[in-house]
Amino acid sequence: MAAIRVSRILHATTAEGPGLRTAVWFQGCSIRCKGCINPHLFSELGGFDMDPEKVVGEAVSHGVEGLTFLGGEPFDQAAAAGNLARLAQQAGLGVVCFSGYQHEDLAVRPDADELLKCTDLLVDGPYRADEPEAIRALVGSTNQRFINLTSRYADFDPVRTANRLEMRVAADGSVEVAGFLQRPELQDLTARVGASRVWRRNSA
Ligand code: SF4
């Protein structure tokens, strides 16, 4: 089965969507929104390969409710990401997928069919720095939409959900950050901890 190219994977986080989740940050994004907080994920040459079956197996062993796909851009690896989403659903897991593409454009892409079919909640649209979101959790700009493709997360309301920030400090001093950070907060955090030791979530 084709590998997915990822920047990182974080199991058992409560900061990346409904319930306990495995967050998968895809490596590579061809959209390249101005102001994207994760430019280090633009290049498809970074990151590492992961076997989708291994990702799902690890997710199940962590007892998560589902997977969240984050940018980079999952639909730039639509076939492999679709395989991962299908395996996740076969294992009883839900799938939340963030994408900088709009649903209407994805719906006419044959290569995106499997990933759309196996996504429960799609959060779509590019990040627009001049349209900042102040009310809804998990998104950076007001144009981005929460689209329920199944009923699994129909009760999830981003207006009634607070953004969460999760920090994990390992024994070697490395720090992992998950959750939604606005740019000034990220800059402050990065300055305090050291940029090379901080993993951060995408703004889209
Ligand atoms: S915000 Fe998302 S879609 Fe836009 S450039 Fe960054 S990773 Fe890509």
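Values below: all heavy atoms of this structure, side chains included; hydrogens, waters and symmetry mates excluded. One is the number of the first residue; the rest follow in order along the sequence. Counting starts at 1 for both ligands and their atoms, following the listed order.
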Contact check: Cys29 to atom 6 (Fe) of ligand 1, N/O/S below 2.8 Å
no
Test side-chain contact (heavy atoms from CB on, under 4.5 Å) applied to Leu121 and Phe146, step by step:
CA-CA 7 Å; Leu121 174 60; Phe146 290 78; 4.2 Å; yes
Heavy-atom gap Pro126 to ligand 1 smaller than 4.0 Å:
no
Please state whether Phe98 comes within less than 4.0 angstrom of ligand 1, counting heavy atoms only.
no
Under 4.0 Å from one or more heavy atoms of Tyr127, ligand 1 contributes atoms 1 (S)
At a 4.0 Å threshold, what atoms of ligand 1 neighbour a non-hydrogen atom of Arg32?
5 (S)
Listing, residues 42-51 side-chain donor-acceptor contacts under 3.5 Å, not counting sequence neighbours, or none:
from, atom 1, to, atom 2, distance (Å)
Ser43, OG, Leu45, N, 3.0
Asp49, OD1, Arg5, NH1, 3.0
Asp51, OD1, Glu53, N, 3.2

Let me check something: any side-chain donor-acceptor pairs from residues 82-91 under 3.5 Å, sequence neighbours excluded? List them with distances.
from, atom 1, to, atom 2, distance (Å)
Asn83, OD1, Arg86, NH2, 2.7
Arg86, NE, Glu114, OE2, 2.7
Gln89, NE2, Cys118, O, 3.2
Gln89, NE2, Asp120, OD1, 3.2
Gln89, NE2, Asp120, OD2, 3.1

Residue Cys33, metal atom 8 (Fe) of ligand 1, N/O/S under 2.8 Å:
no
In sequence, state the C-alpha distance, the side-chain angles, and the governing distance for Phe26 and Phe69, and then conclude on ring-ring contact (aromatic ring centres under 6.0 Å, His included).
CA-CA 7 Å; Phe26 285 77; Phe69 295 177; 5.3 Å; yes
Side-chain donor-acceptor pair present, Tyr127, Asn38, cut-off under 3.5 Å:
no
